[in-house]
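Shown next, in structure tokens, is the structure this report addresses.
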Amino acid sequence: MAGPTYATREQIAAAADVKASAHVDATIDRLAETASRSIDRTFHRRFYPTVATKTLRWPERGGLWVDD
């Protein structure tokens, strides 16, 4: 899984009015993942928190102060 989905399996199954089964659960999970990543790509962002280190290029002179 590339990231969290924006709806749970139970929410999707209830909205679609389908009963749970191994085949249906796997299909719902796949579709939820696909739809969530499509939303991420459409809006060029993620709607969930992530922990990451980002490196920014900055001129050698001067500096950057980032406060808490």
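Residue numbers start at 1 and run along the sequence shown. Any value given below was found using the heavy atoms of this structure, including those in side chains, with hydrogens, waters and symmetry copies removed. Not measured: the values here are computed from a predicted model.
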Side chains of Y48 and T5 in contact at under 4.5 Å (non-hydrogen atoms): no
Y6 and F47 aromatic ring geometry - parallel, tilted or perpendicular at 30°/60° bounds: perpendicular
Pair R9 + D25, salt bridge at N-O below 4.0 Å: yes
Joint cluster assignment, I12 & V24, ILVMFWY side-chain distance < 4.5 Å: yes
Shortest non-hydrogen contact between A32 and A7, atoms and distance: CB-O, 4.4 Å
Flag, side chain of S38 to backbone of T34, donor-acceptor distance under 3.5 Å: no
Gap between atom OG1 of T8 and atom CD1 of I28 - 0.5 Å precision: 9.5 Å
Separation of S36 OG from R41 CZ (nearest 0.5 Å): 10.5 Å
